[in-house]
K.L.:
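Next up is a structure, given as structure tokens.
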Amino acid sequence: MRRALALLTVIAGAACTEDVSPPEEIKDLRILGVRAEPPGGPAGTVVQIEGLIVSPTDEPFETAWLACAGSNDPTDCVALAGTTLPLPCGSGSRPVCLLGSPDPAPYTLPAGTSQVLVAVLTAETAPGGLAGCQRTLVDEGTLPAYCRLGLKRIPVGGPANANPLLTGVTVTGDAVSVTLNDGAAEATPDGPEDLFLSWFVTTGELDDFRTEGDVLVNQWTLHEGAGSLYVVVRDGRGGESWISTSR
Amino acid sequence: MEVGIVLPSRGVSLRPAVTVSLLVALAATARAQEPAQPVLEPPQILEASEPVYPPEAATAGKTARVKLELVILPDGTTGEVKVLTPAGDGFDEAAVAAIKLYKWVPGKADGQPVAARIQYDVVFELKAPEPPPDLPAAGTAKLSGLVRQRGSRKPLAGAELAAVKGSDARSATTGEDGRFVFDGLPAGKWKVTVLAADHRRRDFDEELRDGDRVEVKYLLTPEGLEEGRTVATGERPREELERRTVTAEQAQRIPGTRGDALRVVENLPGVARPPFGAGALIVRGAAPEDTAQYIDGHFVPLIYHFGGITSIVQSDLLSKIDFLPGNFSARYGRATGGIVEADFREPRKDRLGGHVDISLLDAGFLLEGPVGKGSFAVAGRRSWVDAVLSVAIPDDAEFGFTTAPRYWDYQALFFHPLGGGDLRITAFGSSDKLALVLEDPSEVDPAIRGSISSATYVQRLQATWRRRLGDQTDFSASFSQGYTGLSANFGETLFFELSAWFNSYRVELEHRPFERLKLVFGAEGQFYPYHVTVEAPRLPDEGDIPTPISAQEKLRQDRDGFDWRAGFYSEAQISLPHGITITPGTRAEYVTSLEKWTVDPRLALRWTDGTNTVRAGIGRYSQQPLEFQTDSVFGNPDLRSEHAIHYGLGYDRELTSTFKVESTFFYKTLRDLATLDDALVRRDGELVPIGYSNQGTGRIYGAELLARWQGRGPLFGWLSYTVSRSERRDAPTEETRLFSFDQTHILTAVGSIELPWGIIGGLRFRLVSGNPDTPIIGSLYDADADVYLPIPGEPSSVRLPMFHQLDLRLEKKFRFDSWMLTAYLDIQNVYNRGNPEAFTYSYDYRERVVIKGLPFFPAFGIKGEL
């Protein structure tokens, strides 16, 4: 019953979110996507890791990428690194290492694990930067409001997968449409992948913040000024890519 | 029942009028007979004794009413007599002296004489003297007929009639069937006066001619609150240490319940308030699943439609609701919290009757009556919430129903003598269904999108046979068979379907080898084959912040299973001198799915002197983990049962015959609670998370106070207060936290009063501590699922604001000659308090808004009764 009540709360909450910020509005520093190319592979595979990190303001920010081979929890991953950034990856076997920068960063999938966790920590420089984020996370177990922490799982030795690709975006008036590459939804033992698209804008409103893979259109109402649109497609198995445009 | 007779007086006499008030509180010394409520019969006067009017008082023209409380012993004599309302002037002594000489037909429980405590008013009135005893004139007319209650058409037994024509006066009394006869009346105009307890006097004019055979029907309108409504919460004569019983009739008048008798339990001490008015029973800090629910002696998986809208059986068919908050006897198992048991009543045997009930939520009917030597009842109900919602929901709502919420239920009862005993066959069923489509996915968890549906179906066919085997032994056997179907799906990510052919049984033998010793032996169990199909992530534990489904691994299970939970119990009730009763008991239980036995010893002690009662108990209670916790995919098949030890100490005092105060101190320890565990184990050669392990512990302690007014008359009600603390430790390495529904203070005041114009008004006020809450102190972004994962702060470290709410109920009964119409208005949250119940968060958990509970909500209904 406790669980039913929790679910009831979630459902009730789903209908009561008018007073909070909608997910499609990029109001401040956001991580919108993290991609590995390829999205996984056997140990020894070199994957290129990159992220879609957007700030609608001109405030400078800094980002650190960590690869964690020994943890499923990104907060542990950052905490394991301590209050300073760890050594770069590729210089020995470590549970946590610093990926190269700028994006994309190459990373060689290690042996002896079924998954690598990639944590991306980004923060506006002015309030405290990355050092402040790390210190607060280690000391207090939480993140300051100016920090963002994201995670991505890269399977090692799992079934083959390929990133779905967004090949084009068109804006006609308020109507937006995107196109996918052929075969974006790969076949799996459970059927074709269930693609879904996440939509974001820096200005204006969108009809939908999330659409299924067969719905490649949206409405972007721009009341004034200019803005940017970001669309991210995911296959539910770790594959993703994105595209953006402005008007 | 009250009988008040003052026959028309002629002249002056010193004739005491006697008013008998039988508050049928069959004493706690009455014996238990069966699992269900025994059939109670109040004592009746066999031979009255005329009180002597105190001469000085008579000379002074004084009158008096002396209220007595007395015990009618099983041998029909008068036991202890207490003057409740003294009158002085020698009236008290005269009343006591007279009552000591009375002979009685003793009160009975299931036909066996038992001691009964009653109230009795002796009224001393100065009357006009009786005329010289003229012999009534002989005649040839005959006036006979039936006296019934207006509206309900219930025959009124014991009604007094006086037929007067000039100086000729005759009297008659109605029998059990409500019939009376005046024979040999001379022709002429007769004035017939009819009086019955709790009914308005009525006069009728009858003109008779010689040789007439006149058949009449007299209808009397009841006065004040009707019989059966005067028993508030109390302990029925069974050997439960802490049993709170509420009559179904009274329970239906509690405001805020919309006339649903089962919901009255929420107003009793020790019961926490679930959020959103849900029907979850949170008893003395225990989880809802730790309290078992029984209907007519058998376990049912749910008792409410849609988790709390209304119960699945019509309140009019229930006789009473028993609530056992702790330290319950060995008869009950598989629960570490409490027990709620609702029993069907016997359908009426005197005639066909029934009702049609229409409210804003649903419409139902009941038909009952005699059949052979027994009786039957059929009832049904169907909601029309779906029709209301289809009008109420705007077109631009964020969701739309494909199947609007709808429920129905039915009950069928058949009671009949069989084989020297009593057979009762009951069938009942319930169905809930809804399906909706979310226009947009949830912003917090987009996996909650698309279609959401839920369906439940419960059906039971139960048979119980009870028989007395000699003077010292009772036997009962009961079997229940039925089907339970539950299904739910949330978009494409969560699916659950369960089909179970549920069977349960109870066989009990009760033997009294000596007057002071009663032994009970019983076997009770459940067995059910089932099929379950689930596709879902692992459910969050109690106290956990739910992780979005989108970010969790989906697990799948599809299997057939069979479980048998066999319980055996024995109990001895030893009555010692000086009002001391000791009740040791033991319950053993075997669960095939766990392949383990549990043995739970229990002990209850009670001392009473009639006014004061001290209760104490200690016992061990076991409960199997929830089914999914022992599942091979979702849980850990090697889990053991969870355990609790209940300690209880109580003191009750009857301050007056109508005002009683009960207090209870309780302490519970919890062990072997099944909680989530990430540890890895090897199963089938593969290293997998163990899922759950018996590593949780807890303790719960507190005190309860119940002050209740249960007198007859226009007022009843109670005040209950609970202070408690419920703690859990999910693993030895974790800190102790508060239980999710820990509510430090729970205050409930309930009252009902008869207002002018026959309107009954009721109020309920609740003041309850807010539930603990775990703050979310941050979040991290899961790029694979495009959702944010909450970072919880210190568990249960903050509380929601205090809850308070006032509910109101007004009811008016219109009586017509052969039927009644009842109209009621039940208003929840009269002053529209916006009680915070939970928080909802923005997509990244950085903003939150309060979800408030039910606003001002009026519910109106009418019921026509035959």
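A, B, ... follow the sequence lines: proteins, then strands. Residue 1 opens every chain.
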K.L.:
Check the surroundings of atom CD in B/Glu794: do more than 12 heavy atoms from other residues, nucleotides or ligands lie under 6.0 Å from it?
P.N.:
no
K.L.:
Side chain, backbone, both or neither: which part of A/Arg35 has a non-hydrogen atom closer than 4.5 Å to chain B?
P.N.:
neither
K.L.:
Considering only heavy atoms, which portion of A/Leu32 lies under 4.5 Å from any heavy atom of chain B: side chain, backbone, both, or neither?
P.N.:
backbone
K.L.:
Using a 4.5 angstrom heavy-atom cutoff, name the option from B/Pro446, B/Gly778, B/Ala488 with the most pairs to chain A.
P.N.:
B/Pro446
K.L.:
How about B/Ser451 and B/Ser453: does a side-chain donor come under 3.5 Å of a side-chain acceptor?
P.N.:
no
K.L.:
Tell me if a side-chain donor or acceptor on A/Arg234 pairs with a main-chain N or O of A/Pro164 at a distance below 3.5 Å.
P.N.:
no
K.L.:
Counting heavy-atom pairs closer than 4.5 Å to chain B, which one of A/Arg210, A/Lys152, A/Arg237 comes out on top?
P.N.:
A/Arg210
K.L.:
Would you check if the side chain of B/Asp784 reaches a backbone N or O of A/Arg153 as a donor-acceptor pair within less than 3.5 Å?
P.N.:
yes
K.L.:
Got a second to check how far A/Asp194's CG is from A/Thr188's OG1, nearest 0.5 Å?
P.N.:
8.0 Å
K.L.:
Pick one of side chain, backbone, both or neither for B/Ala287, based on which atoms fall under 4.5 Å of a heavy atom in chain A.
P.N.:
neither
K.L.:
Can you say whether B/Ser779 sits under 4.5 Å from chain A via the side chain, the backbone, both, or neither, judging by heavy atoms?
P.N.:
backbone
